[in-house]
Amino acid sequence: MISRIDLRGNTLPEGGALRDLLPRAEFDVEAALEKVRPICEDVHHRGTAALIEYAEKFDGVKLDRVRVPAEALKEALAELDPQVRAALEESIRRARIVHREQRRDAHTTQVVPGGTVTEKWVPVERVGLYAPGGRSVYPSSVIMNAVPAQEAGVTSIALASPPQADFGGLPHPTILAACALLGVDEVYAAGGAQAVAMFAYGTEECAPANMVTGPGNIWVAAAKRYFTGRIGIDTEAGPTEIAVLADDTADPVHVAADLISQAEHDPLAAAVLVTDSLALAEAVEKELEPQVAATKHIEDRIKPALAGRQSAIVLVDSLEDGLKVVDAYGAEHLEIQTADAAAVADRVRNAGAIFVGPWAPVSLGDYCAGSNHVLPTGGCACHSSGLSVQSFLRGIHIVDYTRDALAEVTHHVVTLAEAEDLPAHGAALRARFGWKVPQK
């Protein structure tokens, strides 16, 4: 059901050589880019008419308009199962607690007497959020995108989610209900690359956004790449990943359950166990069989995901080698199930989010830990962070110098400008002092 990669008995290679030994899903955004280009440009030129046409072509629904009526949001919330509503409200509450603490205040540094640099943080003006609606419905993704944007102070927030034939061409009602709970009242029935294009270019119904965030399929990822530079993006999210670093203290029942929990997302989802315990590896392999048989989405998601090239049990000689492997892998979600798990987690450098010990499974982070589940995939955790309040803020430096403070440093500026053969840079300062360089 799941393959093994045995790295025992040899010195582990460094950097890219080690990464090349590890499992990873194929996710060719560059190839998809050429297919989304004409869709994006069609939306650019035809706006809402193009979105309506693509909804019929890709989603099997015929729309009269793309914007979701306010009445539909109210109705979805009114009809929401009370237990689901309570769970969503608790998820929102916990996410707000964490993300509110991420706010940044302006800070002024006095560089020299009379010379200061202030860094102030300004939210982007308008963001477009994307909530997937393919194999599963993700109201949790609405929360994970909207809460940090709201806590950052973004004043204009719109959301797009694919239209659903089963719901009269509207996005899934649980998505709509989550929007209503969050106070997001600008919602569009649009999916895929065309939704990203709607936010990037704007249409008759939708004003253009400064930034687009949220997970999606390869077409969404390709559209984000296409528009990078025109709009800000969070990340080109690929298939979801879990890596578990475990030793012989881990419970194989827990480990197997957690691997399966991510495999049920998608046939390309990655489930990786890194361990120095052959006994644990064998116990997990044995435990996967009955747990998979007892769950849902077996043939279309879980089995292909576990059997795919992106999933494996990686055997290493030691926990030290295991740390090298998970740092090279850079998992979206990394669980540490070892003795003294907190100390081990503290040594990890590359992960989207780290889950410490047996009582902090990834599923908790997906919904109610308070953390954000929009995280870098495909090894991008080596250089990128998950979604947060900071994702929606821009740092702006404000430089304020007096005449005396400028005079004191002018000779350095003139010297550096001449060293770079940019004499007009120095002249801009000299002009302020009668074309002379002030004496120190």
Peer 1: Between the side chain of Asp327 and the main-chain N/O of Arg349, is any donor-acceptor distance below 3.5 Å?
Peer 2: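 A pair under 3.5 Å: yes.
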Peer 1: Whether the side chain of Tyr329 engages the backbone of Arg24 through a donor-acceptor N/O pair (distance < 3.5 Å, no angle test) should be reported.
Peer 2: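 Flag not set: sc Tyr329 to bb Arg24 has no pair under 3.5 Å.
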Peer 1: When the ring planes of Tyr188 and Phe199 are compared, do they come out parallel, tilted or perpendicular, using 30° and 60° as the limits?
Peer 2: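 Tyr188 vs Phe199 ring planes: perpendicular.
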Peer 1: Working to the nearest 0.5 Å, report the span between OH of Tyr138 and CD1 of Ile143.
Peer 2: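 Answer for the OH-CD1 pair, Tyr138 versus Ile143, is 14.5 Å.
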Peer 1: Do the charged groups of Arg8 and Asp6 touch, with an N to O distance under 4.0 Å?
Peer 2: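 The answer is yes: the pair qualifies as a salt bridge.
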Peer 1: Please identify each residue that fulfils ring pair (Phe, Tyr, Trp, His ring centres under 6.0 Å) with His107, with sequence neighbours left out.
Peer 2: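 Not a single residue meets the ring pair (Phe, Tyr, Trp, His ring centres under 6.0 Å) criterion with His107.
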Peer 1: For side-chain contact (heavy atoms from CB on, under 4.5 Å), just list the numbers for Thr235 and Ser384, CA-CA rounded to whole Å, side-chain angles, deciding distance to a tenth of an Å, and then say yes or no.
Peer 2: CA-CA 8 Å; Thr235 184; Ser384 298; 5.6 Å; no
Peer 1: Can you name the nearest heavy-atom pair linking Gly330 to Ala381, along with the distance?
Peer 2: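 Closest heavy-atom pair between Gly330 and Ala381: O-CB, 3.5 Å.
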Peer 1: Under a 3.5 Å distance rule, please check whether Asp276 uses its side chain to pair with a backbone N or O of Asp247 as donor and acceptor.
Peer 2: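 Judged by distance alone, no pair lies under 3.5 Å.
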Peer 1: Mind running side-chain contact (heavy atoms from CB on, under 4.5 Å) on Ile2 and Ile313 for me, showing each step along the way?
Peer 2: CA-CA 7 Å; Ile2 190 168; Ile313 295 175; 4.0 Å; yes
Peer 1: Would you say Thr240 and Leu375 make side-chain contact, with heavy atoms under 4.5 Å?
Peer 2: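 Contact flag for Thr240/Leu375 side chains = no.
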Peer 1: Given the rule in the salt bridge (charged side-chain N to carboxylate O under 4.0 Å, His left out) test, do Lys224 and Asp234 qualify, once you have shown the distances and angles that lead to the verdict?
Peer 2: CA-CA 9 Å; Lys224 285 183 176 181; Asp234 51 348; 2.6 Å; yes
Peer 1: Are Glu71 and Lys74 close enough, and set up right, to give a salt bridge (charged side-chain N to carboxylate O under 4.0 Å, His left out), and what steps lead you there?
Peer 2: CA-CA 5 Å; Glu71 297 76 23; Lys74 295 177 184 177; 6.0 Å; no
Peer 1: Between Glu241 (side chain) and Ala271 (backbone), is there a donor-acceptor pair under 3.5 Å?
Peer 2: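 It does not hold such a pair.
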Peer 1: Do you know which two heavy atoms are closest between Leu159 and Cys179, and how far apart they sit?
Peer 2: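 Looking at all heavy atoms of both residues, the shortest contact is CD2-SG, 3.9 Å.
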Peer 1: Find out whether Leu315 and Ile5 are in side-chain contact, i.e. whether some heavy atom of one side chain is under 4.5 Å from a heavy atom of the other.
Peer 2: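 Leu315 vs Ile5: side chains apart.
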Peer 1: Once rounded to the nearest 0.5 Å, what's the spacing between atom CD1 of Ile336 and atom CG of Leu323?
Peer 2: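 Spacing of CD1 (Ile336) from CG (Leu323) equals 6.5 Å.
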Peer 1: Side chains of Glu41 and Tyr226: closer than 4.5 Å at any heavy-atom pair?
Peer 2: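 SC-SC contact between Glu41 and Tyr226 confirmed.
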Peer 1: Show, in sequence, the C-alpha distance, side-chain angles and deciding distance for Ile302 and Thr295, and conclude whether the side-chain contact (heavy atoms from CB on, under 4.5 Å) test is met.
Peer 2: CA-CA 9 Å; Ile302 294 174; Thr295 191; 3.4 Å; yes
Peer 1: Would the distance check show the side chain of Thr203 and the main-chain N or O of Gly47 forming a donor-acceptor pair, the cut-off being under 3.5 Å?
Peer 2: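 No; judged by distance alone, with no hydrogens or angles, the pair does not exist.
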Peer 1: Any carboxylate oxygen within less than 4.0 angstrom of a Lys/Arg side-chain nitrogen, looking at Arg104 and Glu119?
Peer 2: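 Result for this pair is no, no salt bridge flagged.
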Peer 1: Counting distance only, does the side-chain N/O of Gln337 pair as donor-acceptor with the main-chain N or O of Ala246 below 3.5 Å?
Peer 2: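 No: the side chain of Gln337 does not pair with the backbone of Ala246.
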Peer 1: Sequence neighbours excluded, which residues qualify as salt bridge (charged side-chain N to carboxylate O under 4.0 Å, His left out) partners of Glu75?
Peer 2: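 Glu75 satisfies salt bridge (charged side-chain N to carboxylate O under 4.0 Å, His left out) with no other residue.
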Peer 1: Taking everything shown except Glu282 itself, do over 12 heavy atoms lie less than 6.0 Å from its CD?
Peer 2: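 Enclosed.
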Peer 1: Could you check whether any side-chain heavy atom of Asp300 comes within less than 4.5 Å of a side-chain heavy atom of Pro267, counting everything from C-beta outward?
Peer 2: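 Not in contact.
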Peer 1: Does a side-chain N-to-carboxylate-O contact under 4.0 Å join Arg301 and Glu264?
Peer 2: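 Here Arg301 does not pair with Glu264 in a salt bridge, since their nearest N and O are not under 4.0 Å apart.
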Peer 1: Restricting to pairs with a member in residues 334-377, which pass ring-ring contact (aromatic ring centres under 6.0 Å, His included), not counting sequence neighbours?
Peer 2: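 Residue pairs with at least one partner in residues 334-377: His254-Trp359.
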Peer 1: Is the shortest side-chain heavy-atom distance between Val292 and Met1 below 4.5 Å?
Peer 2: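 The answer is yes, as the side chains (C-beta and beyond) meet within the 4.5 Å cut-off.
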Peer 1: Does the distance from a Lys or Arg side-chain N to an Asp or Glu carboxylate O, for Glu56 and Lys62, drop under 4.0 Å?
Peer 2: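 Yes, charged N to carboxylate O under 4.0 Å.
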Peer 1: Using a 4.5 Å cut-off on heavy atoms from C-beta on, say whether the side chain of Val362 contacts that of Gln262.
Peer 2: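 Answer yes - side chains close enough.
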Peer 1: Do side-chain atoms of Glu332 reach the backbone of Gly352 as a donor and acceptor pair under 3.5 angstrom?
Peer 2: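 The answer is no, because no donor-acceptor pair under 3.5 Å joins these two groups.
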Peer 1: Indicate whether the side chain of Asp59 and that of Tyr54 have a donor and an acceptor atom separated by less than 3.5 Å.
Peer 2: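 No.
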Peer 1: Flag the pair Thr155 / Pro123 as yes when at least one side-chain heavy-atom distance between them is below 4.5 Å, and no otherwise.
Peer 2: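 Thr155 vs Pro123: side chains apart.
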Peer 1: Check the pair Arg96, Glu101 against salt bridge (charged side-chain N to carboxylate O under 4.0 Å, His left out), reporting the backbone distance first and the verdict last.
Peer 2: CA-CA 8 Å; Arg96 288 208 188 280; Glu101 292 293 321; over 6 Å; no
Peer 1: Could you report the tightest heavy-atom contact between Leu80 and Ala177, atom names first, then the distance?
Peer 2: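 Shortest heavy-atom contact: CD2-CB, 3.9 Å.
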Peer 1: Measure from the side-chain N and O atoms of Arg126 to the backbone N and O of Asn210, and report whether any donor-acceptor pair falls under 3.5 Å.
Peer 2: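 No; zero donor-acceptor contacts below 3.5 Å.
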Peer 1: With a 4.0 Å cut-off, would you call Lys324 and Glu14 a salt bridge?
Peer 2: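 Judged by the 4.0 Å cut-off on N to carboxylate O distance, Lys324 and Glu14 do not form a salt bridge.
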Peer 1: Any donor and acceptor pair, going by atom type alone, linking the side chain of Gln150 with main-chain N or O of Leu182 inside 3.5 Å?
Peer 2: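 Indeed, once roles are kept as given, a pair shorter than 3.5 Å links the two residues.
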Peer 1: Return yes if some donor-acceptor pair links the side-chain N/O of Arg4 with the main-chain N/O of Ala312 below 3.5 Å, else return no.
Peer 2: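 No, because the side chain of Arg4 does not come within donor-acceptor range (under 3.5 Å) of the backbone of Ala312.
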Peer 1: Taking all non-hydrogen atoms of both residues, which atom of Ala200 and which atom of Pro208 are closest, and how far apart?
Peer 2: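 Taking Ala200 first and Pro208 second, the nearest heavy atoms are O-CB, 3.9 Å.
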Peer 1: Quick check for you: to the nearest 0.5 Å, what is the distance between Ser371 atom OG and His333 atom NE2?
Peer 2: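 Here the rounded value is 8.5 Å.
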Peer 1: I want to check something: taking the side chain as every heavy atom from C-beta on, are Pro148 and Phe392 in contact at a cut-off of under 4.5 Å?
Peer 2: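 In short, these two side chains touch, coming nearer than 4.5 Å.
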Peer 1: To the nearest 0.5 angstrom, please state how far the CG atom of Leu7 sits from the CG atom of Leu18.
Peer 2: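 That separation rounds to 7.0 Å.
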Peer 1: Hey, are Glu90 and Arg93 close enough for a salt bridge, meaning a charged N less than 4.0 Å from a carboxylate O?
Peer 2: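 A salt bridge links Glu90 with Arg93.
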Peer 1: Among Pro139, Pro171, Pro132, Ser141, find the one that has a side-chain contact (heavy atoms from CB on, under 4.5 Å) with Ser161.
Peer 2: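 Only match with Ser161 under side-chain contact (heavy atoms from CB on, under 4.5 Å): Pro171.
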Peer 1: For Asp105, is there an ion pair with Lys120 - N to carboxylate O distance below 4.0 angstrom?
Peer 2: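 Result for this pair is no, no salt bridge flagged.
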Peer 1: Rounded to the nearest 0.5 Å, what separation is found between the CD1 atom of Ile218 and the CD atom of Glu26?
Peer 2: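 So the CD1 of Ile218 and the CD of Glu26 are separated by 10.0 Å.
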Peer 1: I would like to know whether Arg67 and Glu205 meet salt bridge (charged side-chain N to carboxylate O under 4.0 Å, His left out); could you show each step before the answer?
Peer 2: CA-CA 7 Å; Arg67 182 158 181 176; Glu205 293 181 291; over 6 Å; no
Peer 1: How long is the straight-line distance from CG of Asn372 back to NE2 of His99, given to the nearest 0.5 Å?
Peer 2: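 His99 NE2 to Asn372 CG: 4.0 Å, rounded to 0.5 Å.
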Peer 1: Asn145 and side-chain contact (heavy atoms from CB on, under 4.5 Å): which single residue from Val212, Ile157, Val184, Thr213 fits?
Peer 2: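 The passing option is Thr213.
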Peer 1: Ignoring hydrogens and angles, state whether a donor on the side chain of Thr48 or Glu204 is under 3.5 Å from an acceptor on the partner side chain.
Peer 2: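 Distance-only check passes for Thr48 and Glu204.
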Peer 1: Run Phe58 and Gln194 through side-chain contact (heavy atoms from CB on, under 4.5 Å) and show every step you take.
Peer 2: CA-CA 10 Å; Phe58 296 132; Gln194 57 271 28; 3.6 Å; yes
